[in-house]
Amino acid sequence: GIQVEQSPPDLILQEGANSTLRCNFSDSVNNLQWFHQNPWGQLINLFYIPSGTKQNGRLSATTVATERYSLLYISSSQTTDSGVYFCAVVRGSTLGRLYFGRGTQLTVWP
Amino acid sequence: GAVVSQHPSRVICKSGTSVKIECRSLDFQATTMFWYRQFPKQSLMLMATSNEGSKATYEQGVEKDKFLINHASLTLSTLTVTSAHPEDSSFYICSASRGGRESYGYTFGSGTRLTVV
């Protein structure tokens, strides 16, 4: 299967700071998504971004498919941003199985 | 749009009993549903893929007789943990794809925390 590596594994920030999370993948993909898992376990879809750049409020994401990586930017972080951020990719069929990275555990302190 | 409802959110059962977890797509038809298991502080592990009206495809190492999956309609898939044991305690999450609407990607249920005592 495809390898998905996320960095850093852990990130601790003060409220208001900016951060960049990275996702590298080992093969070409048809689909890439970023998710936020809150402390209660709910996975929230942040971006569907197989290529290009998207922005949603304080969050933005960029995927450079030819270089096999994606970046998630969080600006002016808030305590509610805490949780685990997962990158997941699909190869082959665009709606085939997701391959998940190990996630980045983000903790934002007030 | 694209809401997936999963129930129950939390269940405690005795060893040897069976537990059923339901996953419903509320506002779309889910041609494919996925079931994941997540251990504390770990990533999601795919257990099986189910397509409406056909048998589920299980990942290597997942016991199909222990984890029964039924996808009887385009809006409902169920996972039954049969003869549960303490080692089956985990967080189970379902996910659905919209089929043909690639830009929506995947939507996840809120998860079920199973504790077997």
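Residue B:Ser43 comes nearest to A:Gly101 through the heavy atom pair OG-O, 2.6 Å, listed as atom of the first residue, atom of the second, then distance.
In this structure, A:Arg22 places its CZ atom where more than 12 heavy-atom neighbours from other residues, nucleotides or ligands lie under 6.0 Å away. Around CD of B:Glu59, the count of heavy atoms belonging to other residues, nucleotides or ligands within 6.0 Å exceeds 12. Counting non-hydrogen atoms of other residues, nucleotides and ligands closer than 6.0 Å to CZ of A:Arg58 gives a total above 12. Summarising the local packing, NZ of B:Lys66 is surrounded by more than 12 heavy atoms from other residues, nucleotides or ligands at distances under 6.0 Å.
Put simply, the residue from A:Asn31, A:Leu43, A:Asn45 that forms a side chain to side chain contact (heavy atoms under 4.5 Å, CB included) with B:Tyr106 is A:Asn31.
Looking at A:Tyr99, there are no atoms closer than 4.5 Å to chain B (heavy atoms on both sides), in backbone or side chain. In this structure, chain B has no heavy atom under 4.5 Å from any part of A:Ile44.
Taking the side chain as every heavy atom from C-beta outward, B:Leu44 and A:Leu98 never approach each other to under 4.5 Å. Taking 4.5 Å as the limit, every side-chain heavy atom of B:Gln38 sits out of range of all side-chain heavy atoms of A:Val84.
Summarising the geometry, atom OG belonging to B:Ser95 is positioned 11.5 Å from atom CZ belonging to A:Arg97; distances are rounded to the nearest 0.5 Å.
When the side chains of ILVMFWY residues are joined at heavy-atom separations under 4.5 Å, either directly or via intervening members, B:Met33 and B:Tyr92 end up in two distinct hydrophobic clusters. Note: the hydrophobic cluster containing A:Leu32 does not contain A:Val90 (ILVMFWY, side chain heavy atoms under 4.5 Å, direct or indirect links).
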